[in-house]
Undergrad: 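Submitted below is the structure of interest, expressed as structure tokens.
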Amino acid sequence: MTNDMKTAPIGVFDSGIGGLTVVREIISRLPRENIIYLGDTARVPYGTKSSRTVIAYSHHNARFLVSKGIKMLVVACNTSSAVSLPSLSRELEIPVIGVIGPGAKKAGEVTKSKRVGVIGTPSTIKSSAYKKALEAISPDIEVFSRACPLFVPLAEEGWTEGEISELIAKEYLAPFKGYDIDVLVLGCTHYPLLKPTIQKVMGGGITLVDSAEETAKEIERVLIERGLLNNGSGAPSRAYYLTDVSDTFVSVAGRFLGEKIENIEMVDITGTAL
Ligand code: DGL
């Protein structure tokens, strides 16, 4: 493997800023890696759109990142992972990593009662991607799912704690109280920001699982397997591209990432001049 390939950046995309929860874990596990992030903020949310549209958007995102010379693509969006991983993997010559497999693996390891709740966008829940992945891990796992579409705008808006987010969480999560689950999968990369609120509503006895940490482990495993790990000593580069920039982005994104975002560039990925 040439050094150029090893030092090439990892490309990460999400519909918005939720994927930064995955970037945060990549940075903490693989601090030497260069990263290029694309948030398709002009077209967020993906979770309420048809699979056909989400697949088309995902390919636009992937092509933009590939044009930047990435060595691996991370689909840091559950909605896109649920419907577009097969076609992205077919089209691209680089490794493609999604977030659903790693999240399901973690939930399968953690559950003792084998009764697992999954929350996600309408599109992710409709795809049954988590249910299939969990049942493939262990056929005796029972899966209870619910779409929570309002969690995405709440997270994008920065309304992650307080009365409003709690009321909405109570409404969405009420059915899980009767299912006797011991694990709840946060099947959307936006949801980890609402973790304290979701935990408060569900109670301390329920383990919340998000896929960010497991996805970072999977990225490391694949990079090692392919001889692509960056072991150079230069300062890592981070670039953030968005298809639209809102006033709240910088402050909210900083919270997702856990550090201030300096270099944001607005891009057009559909071929039309801005
Ligand atoms: N963050 C995305 C996910 O993990 C979805 C948010 C959306 O665009 O609806 O599913």
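Scope of the values below: all heavy atoms of this structure, side chains included, with no hydrogens, waters or symmetry mates. Both counts, for ligands and for their atoms, begin at 1 and track the order of listing.
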Undergrad: Once you restrict to heavy atoms under 4.0 Å, what part of T189 touches ligand 1? Side chain, backbone, both or neither.
TA: both
Undergrad: With a 4.0 Å cut-off on heavy atoms, is C77 in contact with ligand 1?
TA: yes
Undergrad: Can you say whether the rings of Y172 and F151 are parallel (under 30°), tilted (30 to 60°) or perpendicular (over 60°)?
TA: perpendicular
Undergrad: Using the salt bridge (Lys or Arg N to Asp or Glu O under 4.0 Å) definition, which of the options E166, E163, E161 pairs with K200?
TA: E166
Undergrad: Distance check, rounded to the nearest 0.5 Å: D210 atom CG versus T215 atom OG1?
TA: 8.5 Å
Undergrad: Relative to the heavy atoms of T121, which atoms of ligand 1 are at a distance of less than 4.0 Å?
TA: 5 (C), 9 (O), 10 (O)
Undergrad: How far is atom 9 (O) of ligand 1 from its nearest protein heavy atom, and which residue and atom is that?
TA: G47 N, 2.8 Å
Undergrad: Heavy atom to atom 8 (O) of ligand 1, shortest distance: which of S15, G39, P122, A155 holds it?
TA: S15
Undergrad: Ring centres under 6.0 Å, that's the criterion: do F176 and F144 meet it?
TA: no
Undergrad: In the structure I gave you, are the side-chain heavy atoms of P236 and R238 within less than 4.5 Å of one another anywhere?
TA: yes
Undergrad: Go through ligand 1 atom by atom and flag the ones less than 4.0 Å from a non-hydrogen atom of D14.
TA: 1 (N), 2 (C)
Undergrad: Is it true that C188 lies under 4.0 Å from ligand 1, counting heavy atoms only?
TA: yes
Undergrad: Looking at V44, which atoms of ligand 1 are within less than 4.0 Å of one of its heavy atoms?
TA: 8 (O)
Undergrad: Could you check whether K105 pairs with E109 (Lys NZ or Arg NE/NH1/NH2 to Asp/Glu carboxylate O, under 4.0 Å)?
TA: yes
Undergrad: Taking the side chain as C-beta and beyond, is there a heavy-atom pair between T160 and T197 under 4.5 Å?
TA: no
Undergrad: When you compare ligand 1 with T48, is there at least one nitrogen or oxygen pair between them that comes in under 3.5 angstrom?
TA: no
Undergrad: Is ligand 1 under 4.0 Å from a heavy atom in the side chain of N78, in the backbone, in both, or in neither?
TA: both
Undergrad: At what distance is the nearest protein heavy atom to atom 10 (O) of ligand 1, and which residue and atom is it?
TA: T79 OG1, 2.7 Å
Undergrad: Ligand 1 versus V99, non-hydrogen atoms closer than 4.0 Å: side chain, backbone, both, neither?
TA: neither
Undergrad: Distance check, rounded to the nearest 0.5 Å: N78 atom CG versus S15 atom OG?
TA: 10.0 Å
Undergrad: Just distances here: any N/O of H190 and N/O of ligand 1 closer than 3.5 Å?
TA: yes
Undergrad: Roughly how far, to the nearest 0.5 Å, is the CZ atom of R43 from the CG atom of D244?
TA: 11.5 Å
Undergrad: Could you tell me the separation between the CD1 atom of I168 and the CG atom of L154, rounded to the nearest 0.5 Å?
TA: 4.5 Å
Undergrad: Heavy-atom contacts with Y46 under 4.0 Å: which atoms of ligand 1 show up? List them by number with element.
TA: 7 (C), 8 (O), 9 (O)
Undergrad: If you measure from each non-hydrogen atom of V152 to ligand 1, which part falls under 4.0 Å: side chain, backbone, both or neither?
TA: side chain
